[in-house]
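Read through the structure below, which is laid out as structure tokens, and then see the notes.
Note: hydrogens, waters and symmetry copies are ignored here, and every other heavy atom, side chains too, is used. In listed order, ligands and their atoms are each counted from 1.
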Amino acid sequence: MIEVKNLNFAYGKQTVLFNALNLQLTVGNVYGLLGKNGAGKTTLLKILTGLLFPQGGDVNVLNFKPRLRDPNFLQEIYLIPEEFFLPSVSVREYEKAYAPFYPRFDHRIFEQLLKEFEIPSLNRLSSLSFGQKKKFLIAFGLATQCKILFLDEPTNGLDIPTKSQFRKILASSVSDERTILISTHQVRDMANLIDPIIILDEGQIIFNQNLEDTARRLVMKVYEDEQETNSCLFCEKTIGGYIALEENKTGEDSKIDIELLFNAVINNRERIMHLFEKEV
Ligand code: ADP
């Protein structure tokens with residue numbers, strides 16, 4: 001459904017961002033695209049949605065080449081960028097102008113979501129707060145009934161109650177026909193929502209696994225003594241001890257903390273890649 005082969009991309013001549021990047025996504029998942037600040041998450045989303053063009057390699061999304069910006073492709077995707085501009089029009093005027101670009105736009109769902117997000121429909125969009133604007137775009141994006149929804153750092157600027165509302169609404173909008181790709185560096189905001197996890201680092205996708213397979217290979221442990229963490233892949237000091245991620249040698253069941261997983265993959269890439277190559 002999304003297939004990227006040997007993608008090369010650089011801003012100018014100096015900053016080579018992607019060097020033969022490969023990525024494959026299948027339909028019906030909520031993917032979390034994780035990476036440090038500046039890893040290239042926004043750039044990758046822009047390439048997948050046809051806002052930036054690949055300089056080498058092959059990018060296929062829903063069997064379209066995004067760079068050609070075919071209207072039949074654009075009506076099937078929706079990108080909610082991290083930074084955006086909303087015009088000085090009312091909710092209704094915006095809906096009237098933009099909904100027709102999406103043939104399956106569901107006005108009833110849009111209405112419901114605006115209500116849930118408590119967006120005042122009479123105000124001009126430009127006068128809403130940043131968080132309200134973002135919620136407005138999320139409502140619009142979900143109402144388009146697009147096949148792929150791309151969200152770039154969606155929880156930035158949202159307050160705590162809105163973050164959980166956002167997770168709840170996204171979780172309830174998941175279906176077998178829809179794929180959601182969420183880029184974030186705020187890993188904890190996305191817990192219980194994203195699965196599989198994709199990690200982008202140094203111009204490559206270094207991890208793309210679902211949490212079930214991950215828990216089969218890795219296990220979380222809590223230790224009191226630092227010496228017990230010797231064989232772990234990554235460990236972090238917490239109050240009263242250490243929380244560690246290590247190879248799951250005994251088939252133990254544990255819930256994987258995504259932030260710990262992210263740090264482990266970034267810091268111990270070779271060993272983790274090797275573990276995932278093994279049959280379990
Ligand atoms: P992320 O979303 O992971 O934080 P970005 O894709 O925004 O990363 O940026 C990746 C790198 O590309 C950063 O080093 C950033 O400074 C650089 N970059 C982003 N946009 C531009 C641009 N328009 N021109 C030049 N460099 C850019």
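For ligand 1, the atoms closer than 4.0 angstrom to any heavy atom of T43 are 5 (P), 6 (O), 9 (O). The contact set between ligand 1 and K36, taken as ligand atoms under 4.0 Å from a residue heavy atom, comprises 3 (O). Residue contact check: K41 has heavy atoms under 4.0 Å from atoms 1 (P), 2 (O), 3 (O), 4 (O), 6 (O), 8 (O) of ligand 1.
Counting only heavy atoms of the protein, atom 8 (O) of ligand 1 lies nearest to G40 N, 3.2 Å. Ranking protein heavy atoms by distance to atom 2 (O) of ligand 1, first place goes to T42 OG1, 2.7 Å.
Salt bridge present: E76 and R104 bring a charged side-chain N and a carboxylate O closer than 4.0 Å. Using a 4.0 Å cut-off between charged side-chain N and carboxylate O, E83 and K134 make no salt bridge. Comment: D152 does not engage K46 in a salt bridge, judged by the lack of any side-chain N to carboxylate O separation of less than 4.0 angstrom. Taking a cutoff of 4.0 Å between a charged side-chain nitrogen and a carboxylate oxygen, K168 and E116 qualify as a salt bridge. Salt bridge absent: K96 and E93 never bring a charged side-chain N and a carboxylate O closer than 4.0 Å.
Aromatic rings of Y102 and Y78 (six-membered ring for Trp) have centroids within the 6.0 Å cut-off, being under it.
Polar contact check, G38 against ligand 1: a nitrogen or oxygen pair lies under 3.5 Å apart. By the 3.5 Å distance cut-off applied to N or O atoms, N37 is not counted among the residues near ligand 1.
Neither F150 nor M190 shares a network with the other; the hydrophobic side chains, linked directly or stepwise wherever heavy atoms of I, L, V, M, F, W or Y lie under 4.5 Å apart, form separate groups for each.
Distances shorter than 4.0 angstrom do not occur between any heavy atom of G35 and any atom of ligand 1.
Remark: atom 16 (O) of ligand 1 lies closer than 4.0 Å to no protein heavy atom. Inside a 4.0 Å radius of atom 10 (C) of ligand 1 there is at least one protein heavy atom.
Looking at F18, F9, Y11 and measuring to atom 24 (N) of ligand 1, the nearest heavy atom belongs to Y11.
The number of heavy-atom neighbours closer than 6.0 Å to NZ of K237, taken from other residues, nucleotides and ligands shown, is above 12.
Residue L17 touches ligand 1 through its side chain alone, judged by heavy-atom distances below 4.0 Å.
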